[in-house]
Amino acid sequence: MIELEQVAYGYGTGTLLSGVTMSLAQGSFHFLTGPSGAGKTTLMKLCYGELVAEQGKVELFDKNVSEMQRDDVANVRRRIGVVHQDCQFLNHLSLAENVMLPLTVSGRSLHDPSELQELLTWVGLDRQQAAKPPELSGGERQRAALARAVIMSPDVILADEPTGNVDWEMSLRLLQLLVELNRMGKTVMIATHDMNLIRSAKSQVQARVLRISNHQVAVAGANL
Amino acid sequence: MIKPLSKLARLILGDAQADRVVPPTGFTARLTVFASATMAFLAVFALALSLATGRLADRWGEALAKSATIRISAPVDQMDAQILAVTEILATTPGVKEARPLSEDEQRALLEPWFGPDLPLDRLPIPRLVEVIEDDEGIDADGLRARLAGEAPGAILDDHARWREPLVKSATRLRSLGWIAIALITTLAGVVITLAASAALAANEQVIRVLRLIGARDSYIARAFVRRYTLRAFGGAAVGTVLGMLALFLPPAAGPEGGFLTGLGLQGLEWLWPLLIPPFAALVAFFATRHAALSTLQEKR
């Protein structure tokens, strides 16, 4: 699904990532951890083609990102659902319209309109579908971002600090939703520095923990 | 040809969902409407100026080219003989359709604006005028001058060339200036709409980022902006055009005393020309916004 080979990336003169080699296989579940500023978000962006590696090769669905045309990048992103810590929405649209946005921009629609209701019920937002994003709480926004990320039934879900702005109870709820998606065959990678969240996943899913340290990514400890 | 047409059809018919991804209001939206309305209003006047001066150039050119005047200066007791001689010469001159001496009343009417109504023409040594109307062939001015010099020495032919040429040249230049003004207005409209679209794109950076993130192609994002700005430019230009056309009724109607300015307007089928301004403004907005949108999007991953 996603392959990185000897990837390097830096901002200005500083190196953030160097010699990173990793692979996200279909149906796998990964945590990406490391201290703040280690490069978790940068690595995530490399994984959905927002950044292009300065060295090495990033392949998304067997296509080299550096050789992709802009439309190819757009097409690949339709297969990767991304959840950000600072969930980005279009504030003039309702929650339901924001969740539907990936379908809208790709010219598709749901086979059955009740699917949206089901999806919003799944993330616990069925009553807020007419609300505008600024009216939602942090947890509701995170769940809405997750709903938007999965509405296209993507192959991969990348969540960058999805529990950064929510309480512990909501963190567990989001984790549970991501685990459910993984059980449906989706590849999931969660970037987090919350070790409690990683520990709490132990009983629910077989996951690998990747740690960024000294500009490189290594498997941390035993697999969960 | 089919591809641009289908693009245009898609643009006009639109996509209700896609249309909503760009926030509906903002300063740039109002700027586009206002700029388009203003430019269209000015374009109507520039168009009217061009068409009116074109008409004027044609009229002056045709009217003066087909007429000439013979001025006879002679002592009062010889005046009638000179007039007779000139009329006989003209009767046998090829290219003359009609020739007649102006009556005293007609001459008085010509001089009245300058000297008042009580001018004693019979006591003043004022030259008499013979009006010559030419046929399609026209007269040989040099040949006629030579004959007049031999047979009626006090008669001088004025074929209006020295009046006609500068007048026609002026009218033609005014017409060119009108078209240059239209070209400048079009360019300015394009620049203003490009700036407005660029400002809108910059203000909506977050929207663009979200759309790219969820897999929107550049063409989709650009279309959302292009459609909006094209329709705004069309609407603004339509309002400006209607106001401009109404304003053309403000100058008094053209009359014999009115001169050039009262003729600044549109006539007959010329009123259809301004109707092209709104679609043309929309076309300018389409290309200006498309260029701005695609350039801005190229800078983002």
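Just so it is clear, the values below take in all heavy atoms, side chains as well, and ignore hydrogens, waters and symmetry mates.
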Check: Between A:Arg78 (side chain) and B:Ile214 (backbone), is there a donor-acceptor pair under 3.5 Å?
Finding: no

Notebook entry, point to check: Can any side-chain N or O of A:Arg70 pair as donor or acceptor with the backbone N or O of B:Leu297 at less than 3.5 Å?
Noted result: yes

Notebook entry, point to check: Checking side-chain contact (heavy atoms from CB on, under 4.5 Å) for the pair A:Glu50/B:Arg212: CA distance, chi angles, key distance, verdict?
Noted result: CA-CA 9 Å; A:Glu50 183 166 348; B:Arg212 283 293 298 170; over 6 Å; no

Next item on the list: Please flag which part of A:Arg79 lies under 4.5 Å from any non-hydrogen atom of chain B: side chain, backbone, both or neither.
Entry: neither

Item checked: A:Tyr48 portion near chain B, given a 4.5 angstrom heavy-atom threshold -> side chain

Counting only heavy atoms not in [X] (residues, nucleotides, ligands), do more than 12 fall under 6.0 Å from its [atom1]?
{"X": "B:Trp273", "atom1": "CH2", "answer": "no"}
{"X": "B:His291", "atom1": "NE2", "answer": "no"}
{"X": "A:Asp62", "atom1": "CG", "answer": "no"}
{"X": "A:Gln55", "atom1": "CD", "answer": "no"}
{"X": "B:Leu269", "atom1": "CG", "answer": "no"}
{"X": "B:Glu205", "atom1": "CD", "answer": "no"}

Next item on the list: For each of A:Gln88, A:Met100, A:His84, A:Met152, tally heavy-atom pairs with chain B at distances under 4.5 Å, and name the one with the top tally.
Entry: A:Gln88

Notebook entry, point to check: For chain B, which of A:Asn91, A:Val76, A:Leu93, A:Val82 has the most heavy-atom pairs under 4.5 Å?
Noted result: A:Leu93

Checklist line | B:Val207 portion near chain A, given a 4.5 angstrom heavy-atom threshold | finding: both

Nearest heavy-atom pair of [X] and [Y]: which atoms, and what distance?
{"X": "B:Asp218", "Y": "A:Asp71", "result": "N-OD1, 4.2 Å"}
{"X": "A:Ala74", "Y": "B:Arg217", "result": "CB-CG, 3.8 Å"}
{"X": "B:Gly215", "Y": "A:Val105", "result": "C-CG2, 4.1 Å"}

List the atom pairs, with distances to 0.1 Å, where a side-chain N or O of residues 118-130 of chain A and a protein N or O form a donor-acceptor pair under 3.5 Å, not counting sequence neighbours.
from, atom 1, to, atom 2, distance (Å)
A:Thr121, OG1, A:Gln117, O, 2.6
A:Trp122, NE1, A:Glu180, OE1, 2.6
A:Gln128, NE2, A:Glu140, OE2, 2.7
A:Gln129, NE2, A:Gln117, OE1, 2.8
A:Gln129, NE2, A:Asp126, O, 3.3

Item checked: CA sep, side-chain torsions, deciding dist, call: A:Asn98, B:Val210, side-chain contact (heavy atoms from CB on, under 4.5 Å) -> CA-CA 10 Å; A:Asn98 267 289; B:Val210 171; 5.6 Å; no

Run the side-chain donor-acceptor check on residues 185-195 of chain B: report pairs under 3.5 Å with partners two or more places apart or on a different chain.
from, atom 1, to, atom 2, distance (Å)
B:Thr186, OG1, B:Ile182, O, 2.7
B:Thr187, OG1, B:Ala183, O, 2.8
B:Thr194, OG1, B:Gly190, O, 2.6

